*Asks:* 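My questions will all concern the structure given below.
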Amino acid sequence: MFLLLFTFNFLAMGLHVNDDEFTPLGDFLMVSFERDQREMEVKFSGLNRPFLEGFQGKLQEVKDLEGTLGLTEEQKGVTKSLNGEAAAVNDELNFLSIYMDDAGLSTKAVTVLKRSLHDGDIEGGLLELRDVIQFARINKDALEAKGMDSRFLDKLEEQKVSMAAKNAMQNTVMNRRKQLVEDNQEDYDALYAYISEVAKKGKVFYKGKGKEDEYTITKIIARMRAPDRGDDDEV
């Protein structure tokens with residue numbers, strides 16, 4: 001099926017595109033294509049006005065489909081909120097790592113945990129966070145002697161509980177989206193075909209002309225995700 005092939009191509013480039021990212025991807029690409037359509041048509045006759053209108057129509061159809069999910073505002077923002085909380089925990093773990101190092105304790109588990117959170121492996125990170133908190137509690141006196149606040153681990157525990165609840169909500173939303181895609185495969189395939197066609201030809205047309213990144217899927221996805229990543233240099 002085209003959808004599977006299209007997703008595989010993204011994965012082959014080291015990029016995973018989530019179900020909820022395809023309409024934003026279409027929106028980003030549409031801004032550039034609406035501006036450049038007439039210019040691109042000179043080289044690619046198939047990228048004509050009817051093609052643009054077809055792309056616009058299919059993008060709106062899929063948006064309307066996704067509107068039927070009836071997500072609450074909390075559910076719509078759960079991924080951003082979860083990523084933000086994971087980034088905050090990652091920052092706090094920098095302090096815990098220093099306390100542990102000063103106390104002569106191994107920081108390997110914290111390093112592994114930070115990598116999981118940085119890479120978006122929330123479920124794995126939650127399990128690792130549980131073990132790190134447990135280990136830190138066993139050595140609480142030694143860590144507090146090196147400057148750790150007496151409430152530090154309790155706050156980490158509260159953040160773990162909050163992240164687990166948000167992760168469960170995110171999984172529910174993702175499952176509903178997955179079912180929506182499966183139930184409306186033809187419409188999603190058609191949208192992906194438009195995206196693929198415009199991106200492929202736009203990247204070739206604007207190579208070395210300053211607009212190539214606007215038609216490069218990996219670059220667009222990076223721009224889409226940038227406000228939510230919360231990456232730090234220390235991992």
Side-chain angles (χ1 to χ4, degrees), residues 1-71 75-80 83 119-120 170 173-231:
M1 297 172 65
F2 186 88
L3 170 57
L4 295 177
L5 291 174
F6 191 75
T7 304
F8 177 79
N9 286 337
F10 280 165
L11 291 172
M13 295 186 291
L15 178 71
H16 175 72
V17 182
N18 299 318
D19 288 339
D20 63 340
E21 291 180 318
F22 279 104
T23 51
L25 174 57
D27 281 333
F28 269 72
L29 195 59
M30 184 65 74
V31 171
S32 300
F33 185 49
E34 286 178 335
R35 179 196 63 209
D36 301 329
Q37 179 268 320
R38 290 185 179 180
E39 187 175 45
M40 292 172 67
E41 186 181 0
V42 174
K43 282 287 188 179
F44 301 109
S45 60
L47 299 184
N48 51 27
R49 186 71 189 179
F51 180 94
L52 170 61
E53 293 172 353
F55 186 4
Q56 291 169 328
K58 187 54 64 177
L59 179 58
Q60 187 58 52
E61 283 182 39
V62 174
K63 285 183 179 181
D64 291 343
L65 284 172
E66 293 183 346
T68 65
L69 285 171
L71 300 178
Q75 288 172 324
K76 289 178 182 177
V78 65
T79 298
K80 181 176 181 178
N83 289 345
D119 291 345
Q170 183 186 52
V173 172
M174 288 174 64
N175 288 338
R176 288 170 63 187
R177 286 190 179 279
K178 180 180 179 182
Q179 189 62 52
L180 180 73
V181 172
E182 292 176 356
D183 291 344
N184 299 277
Q185 190 73 62
E186 185 176 337
D187 288 307
Y188 274 87
D189 285 350
L191 176 59
Y192 303 156
Y194 278 115
I195 290 173
S196 179
E197 186 77 0
V198 172
K200 178 180 67 175
K201 293 179 178 177
K203 187 164 66 170
V204 170
F205 188 83
Y206 289 109
K207 183 175 177 61
K209 299 178 182 177
K211 294 182 184 179
E212 184 179 353
D213 286 358
E214 295 183 36
Y215 293 92
T216 303
I217 298 295
T218 52
K219 300 288 186 180
I220 299 173
I221 293 293
R223 296 208 321 269
M224 285 166 48
R225 293 176 178 173
D228 302 336
R229 287 180 60 84
D231 292 353

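Everything numeric here is computed off the predicted structure, so don't read it as measured data. Heads up: numbering here begins at 1 and tracks the sequence.
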*Asks:* If I take atom CD1 from residue Ile217 and atom CE from residue Met224, how far apart are they, to the nearest 0.5 angstrom?
*Replies:* 9.5 Å

*Asks:* Got a second to check how far Glu186's CD is from Asp189's CG, nearest 0.5 Å?
*Replies:* 8.0 Å

*Asks:* Closer than 3.5 angstrom, by distance alone: can the side chain of Ser196 be matched with the main-chain N or O of Tyr192 as a donor-acceptor pair?
*Replies:* no

*Asks:* Let me confirm one number: the CG-CD distance from Asp20 to Gln170, rounded to the nearest 0.5 Å.
*Replies:*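 Result: 8.5 Å between the selected atoms.
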
*Asks:* Met40 and Leu47: which non-hydrogen atoms are nearest, and at how many Å?
*Replies:*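 For Met40 and Leu47, the tightest heavy-atom pair comes out as CE-CD1, 3.5 Å.
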
*Asks:* Please name the pair of heavy atoms, one in Arg223 and one in Phe28, separated by the smallest distance, quoted to 0.1 Å.
*Replies:* NH2-CD2, 3.3 Å

*Asks:* Students often mix this up, so state it plainly: with edges at 30° and 60°, are the rings of Phe33 and Phe51 parallel, tilted or perpendicular?
*Replies:*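 The arrangement is perpendicular - the two ring planes meet at more than 60°.
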
*Asks:* So, Glu214 and Arg35, do they make that salt bridge, N to O below 4.0 Å?
*Replies:*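 So Glu214 pairs with Arg35 through a salt bridge.
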
*Asks:* Inspect the surroundings of CD in Glu182 and state if more than 12 heavy atoms from other residues, nucleotides or ligands are less than 6.0 Å away.
*Replies:* yes

*Asks:* When rounded to the nearest 0.5 angstrom, what distance separates OH in Tyr206 from CD in Glu39?
*Replies:*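 Answer for the OH-CD pair, Tyr206 versus Glu39, is 3.5 Å.
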
*Asks:* Please report the shortest heavy-atom distance between Lys58 and Asp187, naming the atom on each side.
*Replies:* NZ-OD1, 2.9 Å

*Asks:* Using 0.5 Å steps for rounding, measure from the CZ atom of Arg49 to the CD atom of Gln37.
*Replies:*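 Between atom CZ of Arg49 and atom CD of Gln37 there are 6.5 Å.
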
*Asks:* Is there side-chain contact between Asp27 and Val31, with heavy atoms separated by less than 4.5 Å?
*Replies:*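 A side-chain contact is absent here, since even the closest heavy-atom pair is not under 4.5 Å.
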
*Asks:* If I compare all heavy atoms of Ile220 with all of Asp213, which pair ends up nearest, and what's the gap?
*Replies:*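 Heavy atoms of Ile220 and Asp213 come nearest at CG1-O, 4.0 Å.
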
*Asks:* What pair of heavy atoms forms the shortest contact from Glu212 to Lys207, and how long is it?
*Replies:* OE1-CA, 3.5 Å

*Asks:* Below 4.0 angstrom, N of the basic side chain to O of the carboxylate: do Arg38 and Glu41 qualify?
*Replies:*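 The answer is no: the pair does not qualify as a salt bridge.
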
*Asks:* Any side-chain heavy-atom pair from Leu69 and Lys76 closer than 4.5 angstrom?
*Replies:* no

*Asks:* With a 6.0 Å cut-off (strictly less than), is the heavy-atom count around CE of Met174, excluding the residue itself, greater than 12?
*Replies:* no

*Asks:* Assert yes or no for the condition that the ring centre distance of Phe22 to Tyr188 is strictly below 6.0 Å.
*Replies:*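 Distance test on ring centres: not under 6.0 Å, no.
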
*Asks:* As a quick check of understanding, evaluate side chain to side chain contact (heavy atoms under 4.5 Å, CB included) for Glu66 and Val62, giving each step before the final call.
*Replies:* CA-CA 6 Å; Glu66 293 183 346; Val62 174; 4.0 Å; yes

*Asks:* Evaluate the criterion side-chain hydrogen bond (donor to acceptor under 3.5 Å, both in side chains) for residue pair Gln60 and Asp64; output intermediate values, then yes/no.
*Replies:* CA-CA 6 Å; Gln60 187 58 52; Asp64 291 343; 2.9 Å; yes

*Asks:* Does the Lys NZ or Arg CZ of Lys211 fall within the cation-pi geometry relative to Tyr215 - under 6.0 Å from the ring centre and within 45° of the axis?
*Replies:*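 No, Lys211 and Tyr215 do not form such a contact.
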
*Asks:* State, to 0.1 Å, how close Leu59 and Thr23 come at their nearest heavy-atom pair, and which atoms those are.
*Replies:* CD1-O, 3.8 Å

*Asks:* Output the distance between atom CG (Leu180) and atom OG1 (Thr68), rounded to the nearest 0.5 Å.
*Replies:* 5.0 Å

*Asks:* Hey, does Val204 have a side-chain heavy atom less than 4.5 Å from the side chain of Lys43?
*Replies:*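 No - every pair of side-chain heavy atoms lies 4.5 Å or more apart.
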
